[in-house]
*Asks:* 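My questions all concern the structure below.
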Amino acid sequence: MIFLFIFAIMKDYLLQLNESQRKAVIQINGPVMIIAGPGSGKTRVLTFRVAHMISEGIDPFRILCLTFTNKAATEMRQRIAQLHHNDARNLWMGTFHSIFAKILRIEGHRLGYSSNFTIYDTADSKSLIKKLVKDLIPTSKQKLYKESIVYNRISSAKNKLITPEDYEQNIDMLNEDISNHREKFGFLYAAYSQQCFHNGAMDFDDLLLKTYQLLQRCPDVAYKYQNKFKYIMIDEFQDTNHAQYEIIKILAAVHENLCVVGDDAQSIYAFRGATIANILDFAKKYDDLQIYKLEQNYRSTYHIVNTANEIIKQNKNQLVKTIFTERGEGNPIIELIATTDNDEGRIIADKVFELKMRHQLSNKNFAVLYRTNAQSRAFEEAMRRLNIAYKIYGGLSFYQRKEIKDMVAYLRCIVNPLDEVALLRIINYPPRGIGDATINKLLVKSREQNKSMWEIMQQASLNGFSKRTAEDIETFSYLLKSCQIMLAEKNAFAMAEYIAKHSGIMKELYNDKSVEGVSRYENLIELLNSIKEFTESDVAIDADGVLPDDKSLGSYLQQISLLTDTDNIDPNTLDTVSLMTIHAAKGLEFPVVFVVGMEENLFPSIMSISSLEELEEERRLFYVAITRAQDHLFISHATTRYKFGKLEYSEPSRFIAEIPNGNFKRMKSDRQANLGDRHFTTIPSRSNNIFTRNINNRPKPSPAPLANFKADDTTRLEVGMKILHIKFGVGKVSAMDGVGDNRIAVIQFENEGEKKLMLKFAKLKII
DNA sequence: CGCAAAGCTTATCTG
DNA sequence: AAGCTTTGCG
């Protein structure tokens, strides 16, 4: 009776949900955790939950919805807009980075930042670090401080909310640095932070760290947002890092209406600080927590779902959860074996062609998923050869191209002349007579007088430059200066057009008639067109941190700084085969999926195979890959592959062995026999080299493992000892490194050359 | 100072 | 294989 009554008054959208989905949607008060397996209707639950709140009379202005990627934010925003057209515009919905950037634009002056601060992308940060290393570290030690290593170290400190001051006090980090002979990390971190501040810039990690500091140091600001956001929802909670979690906790502290949605099995961002500890801590912190599990998979058929379950079972670190499907048995997973990376491309393209015919499918029903962006080339070439329309997502984004970064650097200099990274990028591009010697002199003067480089440039003649040089510098600074004056009255497009013409960039690219040069010129034009579009469009609800009617250059730069190429994945409007990394494919689904490059050292990546944690992350990544498929799943690998321009052997991924036999159709590799005829004549560019490759000269991998192999205890292993490895054969220890669990032996194998083995994992017999 | 050629490094994933 | 840096010369 009561149930009937409830159904009678139940809002019709609630009838579109299963029971656990519905419960999760209705429970809007208090802390809630939703564990959502792949294909379980997670986005649906999230959007309906917001819609439910709005129809319950909650002001959208008081709802905060945080996602991990722009892609997820855009999708959710569109879906909510469909349900609640007008109300949705006041919702605060976006990525962590974009929402925090929005808060920092408004409140950043409390920490000494101007509201037009620049956001550095990874390349900007690295170029600054590189320069600091050059200036501050003795030449002989510079190779220890590669910009990417320093950048990662700083990034991981920031994601743990460790400031430069904290760093100097942090025994763990200092000890780690000392044992790596990199004791200057802390010093570089401090120098980098200081320089960013002087430049009026924040990097991606600062958007988190500075937001945290802001809320910590300014209780009134914290109070303001704590009260504003009565309801908070976090998507992909398993991917949040420590900094993000701490900020969320502060924001939710007053109302505690916090809902997190995630799936520990799909956590694939630990490499940048995400931690499962957040999920565990969450359950501990809120004892009135309501937990809902969404385990029904609406996406895939049985063979796929069962494989996914069996794969993830291999991981030790996981919350137990089993997904199920009612979609029927479906097709078993099929293995494809190729001889080379190019061959793999052709096999997949052939298969796409065949399936399109056989099952009446269109291009957009197919996805090729790979571990690294570098793998895309072979598939691209193969698809093109068969005239199959494809699109590559990710990779070098439009905004990372040199010509675009150059142009954007000009725009950034106009809006924020303190931005030394941008200034150095364009000061002599196109060449205008300001060479290295002059630039160094400018920098020295600026440090001596404690003024920005920009200030020194404007008074070049007073700073002891030759007449000719001073003129060159002043001509350039006059150009920027005049643009700054125009800034107040001209829109972004007018500014960009002016600078493209007067800086010489446009002419420089136009005069380059090479193939690449023409494409660079076209890209510049495309950028200008997109800026024009920006100034003419009605930005309504889909641009965080931007006032709808603000068409200024500053507003434009803010909008693009957090954009990436993967944002615009809309496989439904274009009929193309999708090529992308598995990371980029998260959240998407396709009727036919090819997971390619399933080889040891590629997937799992060579970077991850020495630690259990990282290996488990690779396995979760495989889980994500598998669960993208709705009906057909193919797994492919090649026996040889080019790496760094060299042909190398590759063995099938260990993950293939983990696929249950009952769900898997292994393919006989009859292609091996054909090596040389069909394949190599179709690809002339490489077939020329066939006889110079040393395939046959190379020592073949050792024969099958010895059945009675028994590993010795390696704690007493030392330099000079001879050992036997189950796969690599006989070798001699040439060096040892590390202590305890991290001990590494460098071994010269008779047939395999030098290998570095982690003793924790390596199975060795001492002989 | 600017240019071209030679040499060196690099390729995990992302906002 | 490709991009970036260093080197050597006019």
*Asks:* Rounded to whole angstroms, how far apart are CG on A:Asn152 and C1' on B:dT14?
*Replies:* 12 Å
*Asks:* Picking from B:dC1, B:dG15, B:dT14, which would you name as closest to the side chain of A:His97?
*Replies:* B:dG15
*Asks:* Can you confirm if the NZ or CZ of A:Arg105 lies within 45° of the ring axis of A:Phe117 and under 6.0 Å from the centre of its six-membered ring?
*Replies:* yes
*Asks:* Tell me: CG of A:Asp124 to P of B:dG15, nearest whole Å?
*Replies:* 16 Å
*Asks:* Side chain to side chain donor-acceptor pair (under 3.5 Å) with A:Arg620: which residues, sequence neighbours excluded?
*Replies:* A:Glu617
*Asks:* Which whole-number value in Å describes the distance from A:Ile119 CD1 to B:dT14 C1'?
*Replies:* 15 Å
*Asks:* Does the base of B:dG15 carry an N or O that pairs as donor and acceptor with the side chain of A:Thr122 under 3.5 Å?
*Replies:* yes
*Asks:* Check whether any side-chain N or O of A:Asn373 sits under 4.0 Å from OP1 or OP2 of B:dA11, and answer yes or no.
*Replies:* no
*Asks:* Could you tell me whether A:Lys405 sits above the aromatic face of A:Tyr399, with NZ or CZ closer than 6.0 angstrom to the six-membered ring centre and within 45 degrees of the axis?
*Replies:* no
*Asks:* Would you call A:Lys42 and A:Glu236 a salt bridge, taking side-chain N to carboxylate O under 4.0 Å as the test?
*Replies:* yes
*Asks:* Sort out for me which residue in A:Leu91, A:Ile248, A:Leu251 forms a side chain to side chain contact (heavy atoms under 4.5 Å, CB included) with A:Leu64.
*Replies:* A:Leu251
*Asks:* Are there any protein N/O atoms within less than 3.5 Å of an N/O atom in nucleotides 2-9 of chain B, and if so, which ones and at what distance?
*Replies:*
| unit_1 | atom_1 | unit_2 | atom_2 | d |
| --- | --- | --- | --- | --- |
| B:dG2 | OP1 | A:Gly433 | N | 3.4 |

*Asks:* Roughly how many Å is it from CD in A:Glu236 to C1' in B:dT14, rounded to a whole number?
*Replies:* 13 Å
*Asks:* Please work out if A:Phe603 contacts a base, only the sugar-phosphate, or nothing of the nucleic acid, heavy-atom cut-off 4.0 Å.
*Replies:* nothing
*Asks:* B:dT14 P sits how many Å from A:Lys158 NZ, rounded?
*Replies:* 21 Å
*Asks:* How far does OG1 of A:Thr211 sit from CG of A:Leu104, to the nearest 0.5 angstrom?
*Replies:* 3.5 Å
*Asks:* Please tell me which of A:Ala437 and A:Gly645 maps to the more 5' nucleotide of DNA chain B, matching each residue to the nucleotide holding its nearest heavy atom.
*Replies:* A:Ala437
*Asks:* Using a 6.0 Å distance limit plus a 45 degree cone around the ring axis, check whether A:Lys143 lies over the aromatic ring of A:Tyr145.
*Replies:* no
*Asks:* What integer distance in Å separates A:Phe271:CZ from B:dG15:C1'?
*Replies:* 10 Å
*Asks:* Between atom NE2 in A:His583 and atom P in B:dT14, what is the gap in whole Å?
*Replies:* 7 Å
*Asks:* What's A:Phe68 touching, base or sugar-phosphate or nothing? Going by heavy atoms closer than 4.0 Å.
*Replies:* sugar-phosphate
*Asks:* When you measure from the side chain of A:Asn70, which nucleotide among B:dC13, B:dG15, B:dC1 comes out closest?
*Replies:* B:dG15
*Asks:* Ion pair present between A:Glu381 and A:Arg346, side-chain N to carboxylate O less than 4.0 angstrom?
*Replies:* no
*Asks:* Any donor-acceptor pair, under 3.5 Å, between the side chain of A:Asp121 and the base of B:dG15, if you only look at N and O atoms?
*Replies:* no
*Asks:* Considering only nitrogen or oxygen atoms on both sides, find all protein atoms under 3.5 Å from nucleotides 4-6 of chain C and state each distance.
*Replies:*
| unit_1 | atom_1 | unit_2 | atom_2 | d |
| --- | --- | --- | --- | --- |
| C:dT5 | OP1 | A:Lys130 | NZ | 2.9 |

*Asks:* Want to settle it: does A:Ile439 or A:Ile268 sit nearer the 5' end of DNA chain B, counting the closest nucleotide to each?
*Replies:* A:Ile439
*Asks:* Could you tell me whether A:Ser561 contacts a base, only the sugar-phosphate backbone, or nothing, with contacts defined as non-hydrogen atoms closer than 4.0 Å?
*Replies:* nothing
*Asks:* Looking at A:Asp124 and A:Arg412, is there a salt bridge between them, counting it only when a charged N and a carboxylate O are closer than 4.0 Å?
*Replies:* yes
*Asks:* Which nucleotide in the list B:dG15, B:dT10, B:dT14 gets nearest to the side chain of A:Phe644?
*Replies:* B:dT10
*Asks:* Relative to A:Tyr120, does A:Lys126 satisfy both conditions: NZ or CZ under 6.0 angstrom from the six-membered ring centre, and within 45 degrees of the ring's axis?
*Replies:* no
*Asks:* Whole angstrom is fine here: how far is it from CZ in A:Phe204 over to C1' in B:dC13?
*Replies:* 15 Å
